[in-house]
> 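Dumping the structure here so I can ask a few things about it.
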2 protein chains.
Amino acid sequence: MTQTDPGFHSDHDHQHCIDQALLTARDLCRQRRQRLTPIRELVLKLVWQNHQPLGAYELLPALAAAGFNSAPPTVYRALEFLQQQGFVHRIASLNAYVGCPHPDRPHRSGFLICHRCKRAIELDTAPVHRALSASAEEVGFRIEQELVEVVGLCPDCQQQEATHA
Amino acid sequence: MTQTDPGFHSDHDHQHCIDQALLTARDLCRQRRQRLTPIRELVLKLVWQNHQPLGAYELLPALAAAGFNSAPPTVYRALEFLQQQGFVHRIASLNAYVGCPHPDRPHRSGFLICHRCKRAIELDTAPVHRALSASAEEVGFRIEQELVEVVGLCPDCQQQEATHA
DNA sequence: TTGTTTGTGTTATAACATAACATGAATATA
DNA sequence: TATATTCATGTTATGTTATAACACAAACAA
Ligand SMILES: [Zn+2]
Ligand SMILES: [Zn+2]
Ligand SMILES: [Zn+2]
Ligand SMILES: [Zn+2]
């Protein structure tokens, strides 16, 4: 993650986010000899509808509307696959899933989550990782996975709160 | 959090952890004019049985054994109170609760979680916070809450894995 | 005492997630 | 092509985590 994600810029061309995510996913699956089935692709698209993490059960009606008679296991399987491929991340504090804007290479993901507009934007956690590594090393702990979820107010919502008041 | 928590030292006097937690809780509740009822105190004691986060539903049998005929809401209410007072923390990635070793002053909590022995040890997240603040400021995000949960292997378990192999 | 707030009991249900097995599609092998 | 195998999905049931809503009683304040 070198550049800032566009997610908190409310005027960005989000269709571009979606298109890019789907193209990248197709490409990576081809390279990796993985199957991006219709259900998996649809789930990915739905998760990318916007930058707000989506719960697994919120996907079910949309799948039904698209003609898939799916039950929870189907959704969870698709999400599991997409997570394994690095196309989506799970936000533990929300029990929800969000698209990854740079699935091409493995990375440590952290999130800034706005409690007002509900958008979650992926964060560059390299500096956080350095701090964590140092702390962990002090006590001899071997890190395998890092979960960083920050809740607060995004720039847009700060403005709106100020205006409203 | 100035000193290291004893949680990853398997030979520490854990009864001391428990006693200290209960004493501090009683003291703080007196100061704050809050009621540490029998159920709340018992839940706190149960959560402190060891350094392994405990699920809400795991508390129910113990409450029953102590003569409280409690249902889930009772446990969640007690946990909510204890969290508000800063006596326990919730680990989102485990859906579980663990005692806080320094409830006397508010602080940002982070955790090192061993996936082998299941212990979760609270971490000094001041350095992490500095890194996060910097990243958040870059995009104009106002932080209100930080969730940091690191999964890996504690020193004890690293040794045991090495020995076993 | 009286009224109010607070904590708990109780029942029901919501929200999130997985186990287990059947079936059919895609892929690999011969 | 035929066959075997793997993989994705359908299906049913259930497990796990958490909360809503209302009744009641204890603690507290006046
Ligand atoms: Zn976008
Ligand atoms: Zn916002
Ligand atoms: Zn201890
Ligand atoms: Zn361990």
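The sequence lines fix the lettering, A, B, ..., with proteins before strands; numbering per chain opens at 1. Heavy atoms only: backbone and side chains are in, while hydrogens, waters and symmetry mates are out. Computed from a predicted structure; not experimentally measured.
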> Are any side-chain N or O atoms of H14(B) and backbone N or O atoms of W48(B), one a donor and one an acceptor, separated by less than 3.5 Å?
yes
> With a 4.0 Å limit, can you tell me whether R33(B) has a side-chain N or O closer than that to the phosphate oxygens OP1/OP2 of dC28(D)?
no
> In whole angstrom, what separates L94(A)'s CG from dT17(D)'s C1'?
16 Å
> Could you give the CD-to-C1' distance, from E41(A) to dT9(D), as a whole number of Å?
17 Å
> Apply side chain to side chain contact (heavy atoms under 4.5 Å, CB included) to residues N50(B) and R119(B) and explain how you reach the verdict.
CA-CA 8 Å; N50(B) 50 48; R119(B) 285 179 292 182; over 6 Å; no
> Starting at CZ of R90(B) and ending at P of dT19(D), how long is that distance when rounded to a whole Å?
8 Å
> For a quick test of reading the model, state the closest non-hydrogen atom pair linking P155(A) to G140(B) and the distance between them.
CG-O, 3.5 Å
> So if I take residues 68-75 of chain A and measure heavy-atom distances to DNA chain C, which residues fall below 4.0 Å?
P72(A), P73(A)
> Is there a side-chain contact between N95(A) and the phosphate of dA17(C), meaning an N or O under 4.0 Å from OP1 or OP2?
yes
> Taking the six-membered ring for Trp, are F8(B) and H51(B) closer than 6.0 Å centroid to centroid?
no
> Can you check whether Y76(B) has a side-chain N or O nearer than 4.0 Å to OP1 or OP2 of dG9(C)?
no
> Does a nitrogen or oxygen in the side chain of R77(A) sit under 4.0 Å from OP1 or OP2 of dT18(C)?
no
> Mark this stacking check for Y57(A) against dC16(C) as yes or no, applying ring centres under 5.5 Å and ring planes under 30°.
yes
> Does dT6(C) have OP1 or OP2 under 4.0 Å away from a side-chain N or O of R35(B)?
no
